[in-house]
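Okay, structure first, notes after.
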Amino acid sequence: MGASEENSALFPIFVFTLMALPLVPYTLVKILSAFSKKAMTIHCQCSMCSRSGKYGKSIFKRISNFSTCSNLSLVLLWIVMGVLIYYIRHTSHEVKVFEPFSILGLEPGASDSDIKKAYRRLSIQYHPDKNPDPEAHDYFVEYISKAYQALTDPVSRENFEKYGHPDGRQGLQMGIALPPFLLNIDGVSGGILLLGIVGVCILLPLVLAVIYLSRSAKYTGNYVMHQTLSAYYYFMKPSLAPSKVLDVFIKAAEFMEIPVRRSDGEPLQKLFMLVRSELNLDLKNIRQEQTKFWKQHPALVKTELLIQAQLTRESEALTPALLRDFRRMLELSPRLLEELMKMALIPRTAQGHGWLRPAIGVVELSQHIIQAVPLSSRKVAGGSSEGVAPFLQLPHFSEAMVKKIARKKVRTFQDFRDMTLEDRVELLTQVAGLSPTKRKDLEMVLEMMPSLTVDITCETEGEEGIQEGDIVTMRVWISLERGNGLVAALPHAPYYPFHKEENFWLLLADSVSNDVWVSQKVSFMDEAVAITAASKAIQELKEGSGASLKETNAAVREAVERVKSGSRLVMGKFQAPGEGNYNLTAFCLSDSWIGCDKKTNLKIKILKRSRAGTRTGPLSEEGPVMEEGIEEEEQEEEDEYDDYESEYSEDEEDGKDSKRNRVVPGAGAAAENSDNE
């Protein structure tokens, strides 16, 4: 009975230990990660972003940010831990060492007569014949009798002096830290114990495995449904304008799972009237077009109207139920757009190239959703090849203000950014009529906007020129600068209700043939990851070229310094096509900002494979050589690439000739920077 009670007392300690093993390290990681976050503010601090509530510091916002499922579970587990500590502290008792003199109430070294007197006195008090209490009986048998025996019997006294117990050496006692009712194997509790073992050791792992397998069968690693990827792959076409990309985007299975309620009918009808001008309906047959629109699947209709509510900033017209669906749609949008981008860039041609035009359309759609700017605003208007879309992402700007400043020969967004602060203040005050507070907001946003520089080189390790069939190695350094000095930053997006990190897409493509040769996603948020990747890439490149250890270390140090100063290294490889001259363009596209993209033109000359050649082994990693100069007539030919938005904004250009431009033969490849988009 005593052993069973000791095992039962150990059960809370056992549970406490099992909880503490994972809980303490996890809590420490959470605390350290919270304190390790940079104190520097990397989000936009204009008044519009402050009012959006995303970055607010109010007590309600902090409680909301803290009240996540993981944090609440963590607090609950610590409360349980505290209860266990209190219970253990107040119920456990210390195991006492067997001391016969102390049990009999004597001092060590007492005489035999004193021992007998003490035993008789305690016998009167605890003997079963004198005291019927069961606890008194146990105490008399286990302690008093053994203490008297240990001090009077020679054998017992010898055992006590040698082993500390009158019964001699005590064996090791082991038990199970479970409650007593579970240890009664002969009773009903034996079945409970068996069920517990089966549940914990068999059923629980089996249930977790089934949940994991069912979820993994439904979702990809990026938590996008396989059904969505299938739909995106099927509907993706090589010549999709941004408006057509939206038609593909809304076909995600995640959007189809958003419920369509009967109560949504009237609010969606009102929303339709507000955004009708953005739905690309034929105004000549408006009634037929409206009927056709409403005959679509209800989930498609609802999703498209909610996206248009974001693009036109009409979310205030939504009911609370629609507003919840609206936020869910916006929460899913970044990861779905990323997967849609991958479907546009997945190899489709025999050469393993993706499609440029839909890829650009996906990035444009992402920009407009984040900045809440209508897609129609990108159309050429007012003498600006990029439309008024870049201006509308600025705080307090409207189309009327864009028309006013256009009269002052500020026709493009880049012209507006390139103005001096004094000239811009004068323009915004006298022409646009902005107050000092609004001008301050606008300048904050302009300082947050990135300016990109793309330095692209294509090298051949140990060879000169490129022969058809070679593996070309592309190396690109993308440098980012902001007016406020930040490198990693969150974009100005007051109408997007969630935190959104900046990402950029680098595309090396042939604009005429609509082929993407190399593509890669680039982020400036994590400097440590960028340093590791750049160091490894440079080290492998130098070691492959036979450079010495000193040269390799110097190149790695230089790369690390460039990353710390705001640059990112992008490495890519592609197989050289057939003989000829190729006009390529390196696009660096932002998924969050409108008008901050960068283009760099690249000319590559592919030579015919030499029969005598020096490359008789496996395909080597080679690249083009950069030309020193470019003739004026070549510069004139490149003017048609100055604006990719207008080139890919209309469907009328679907039948454009895909024949590749030929250039004056050169010694290798040439690259030059074009104007910011």
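Keep in mind it's a predicted model, so treat the numbers as computed, not measured.
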Look at atom NZ of Lys542 and say whether more than 12 heavy atoms of other residues, nucleotides or ligands are closer to it than 6.0 Å.
no
Might you point out which heavy atoms bring Met343 and Arg348 nearest each other, and give the distance in Å?
O-NH2, 3.1 Å
Is Glu304 close to Phe293 at the side-chain level, that is, under 4.5 Å between some pair of heavy atoms?
yes
Passes side-chain contact (heavy atoms from CB on, under 4.5 Å), Leu508 versus Met474? Steps please.
CA-CA 9 Å; Leu508 181 63; Met474 176 195 70; 3.6 Å; yes
Looking only at non-hydrogen atoms, find the nearest pair between Ser315 and Leu323 and report the distance.
O-CD1, 4.3 Å
Carboxylate-amine/guanidinium proximity below 4.0 Å for Glu142 and Lys146
yes
Run Met341 and Asn503 through side-chain contact (heavy atoms from CB on, under 4.5 Å) and show every step you take.
CA-CA 13 Å; Met341 184 70 170; Asn503 291 300; over 6 Å; no
Got a donor-acceptor contact below 3.5 angstrom from the Lys237 side chain to the Pro358 backbone?
no
Please state whether the rings of Phe249 and Phe255 are parallel, tilted or perpendicular, taking 30° and 60° as the class boundaries.
perpendicular
Please round to the nearest 0.5 Å and tell me the distance separating atom CG of Leu74 and atom CG of Leu23.
5.5 Å
Would you name the heavy atoms of Ala493 and Cys49 that are closest together and state the gap between them?
N-SG, 4.0 Å
Atom CD in Glu501, atom CE in Met525: separation rounded to 0.5 Å?
4.0 Å
For the student: nearest non-hydrogen atoms of Tyr223 and Arg335, plus distance
O-NH1, 3.5 Å
Ile103 side chain near Tyr139 side chain, heavy-atom distance below 4.5 Å
yes
When you measure from the side chain of Thr228 to the backbone of Ala253, do you find a donor-acceptor pair of N or O atoms at a distance under 3.5 Å?
yes
Flag side-chain contact, heavy atom, 4.5 Å: Met329 against Ile369
no
Salt bridge or not for Asp591 and Lys521, using N-O below 4.0 Å?
no
Is the closest basic N to carboxylate O distance between Arg568 and Glu502 below 4.0 Å?
no
Would you check if Leu345 and Trp505 make a side-chain contact, meaning some heavy-atom pair closer than 4.5 Å?
yes
Taking every heavy atom of Val363 against every heavy atom of Leu589, the minimum-distance pair comes out as CG1-CB, 3.7 Å
Any heavy-atom pair between the side chains of Lys500 and Pro334 that's under 4.5 Å?
yes
Would Lys342 and Val224 satisfy side-chain contact (heavy atoms from CB on, under 4.5 Å), going step by step from the backbone distance to the final call?
CA-CA 12 Å; Lys342 292 177 181 178; Val224 175; over 6 Å; no
Any side-chain heavy atom of Tyr148 sitting closer than 4.5 Å to one from Leu122?
no
Which heavy atom of Val516 sits nearest a heavy atom of Ala509, and at what distance?
CA-CB, 3.9 Å
Using 0.5 Å steps for rounding, measure from the CG atom of Leu541 to the CG atom of Leu569.
9.0 Å
Heavy-atom side-chain contact between Lys251 and Leu300 under 4.5 Å
yes
Please round to the nearest 0.5 Å and tell me the distance separating atom CG of Leu318 and atom CG of Asp264.
10.0 Å
Evaluate the side-chain proximity of Phe235 to Asp247: yes if any heavy-atom separation is below 4.5 Å, no if none is.
no
Please verify the inter-ring angle class for Trp593 with His492; under 30° counts as parallel, over 60° as perpendicular, anything in between as tilted.
parallel
Given 3.5 Å as the limit, does a donor-acceptor pair link the side chain of Tyr496 with the main chain of Leu330, or not?
yes
Return yes if a side-chain donor-acceptor contact under 3.5 Å exists between Gln539 and Glu543, otherwise no.
yes
Tell me whether Ser366 contacts the main-chain N or O of Val362 through its side chain, where contact means a donor paired with an acceptor under 3.5 Å.
no
Could you go through Val476 and Gln520, starting from their C-alpha distance and side-chain angles, then the distance that decides it, and tell me whether this counts as side-chain contact (heavy atoms from CB on, under 4.5 Å)?
CA-CA 11 Å; Val476 184; Gln520 187 167 333; over 6 Å; no
Does atom CD (Gln227) have a neighbourhood of more than 12 heavy atoms from anything else shown, all under 6.0 Å?
no
Out of curiosity, Gln125 CD to Ile144 CD1, how far, rounded to the nearest 0.5 Å?
7.5 Å
Report the distance from atom NZ of Lys302 to atom CZ of Phe326, rounding to the nearest 0.5 Å.
12.5 Å
Suppose the criterion is side chain to side chain donor-acceptor pair (under 3.5 Å): which pairs have a residue in residues 199-210, not counting sequence neighbours?
none
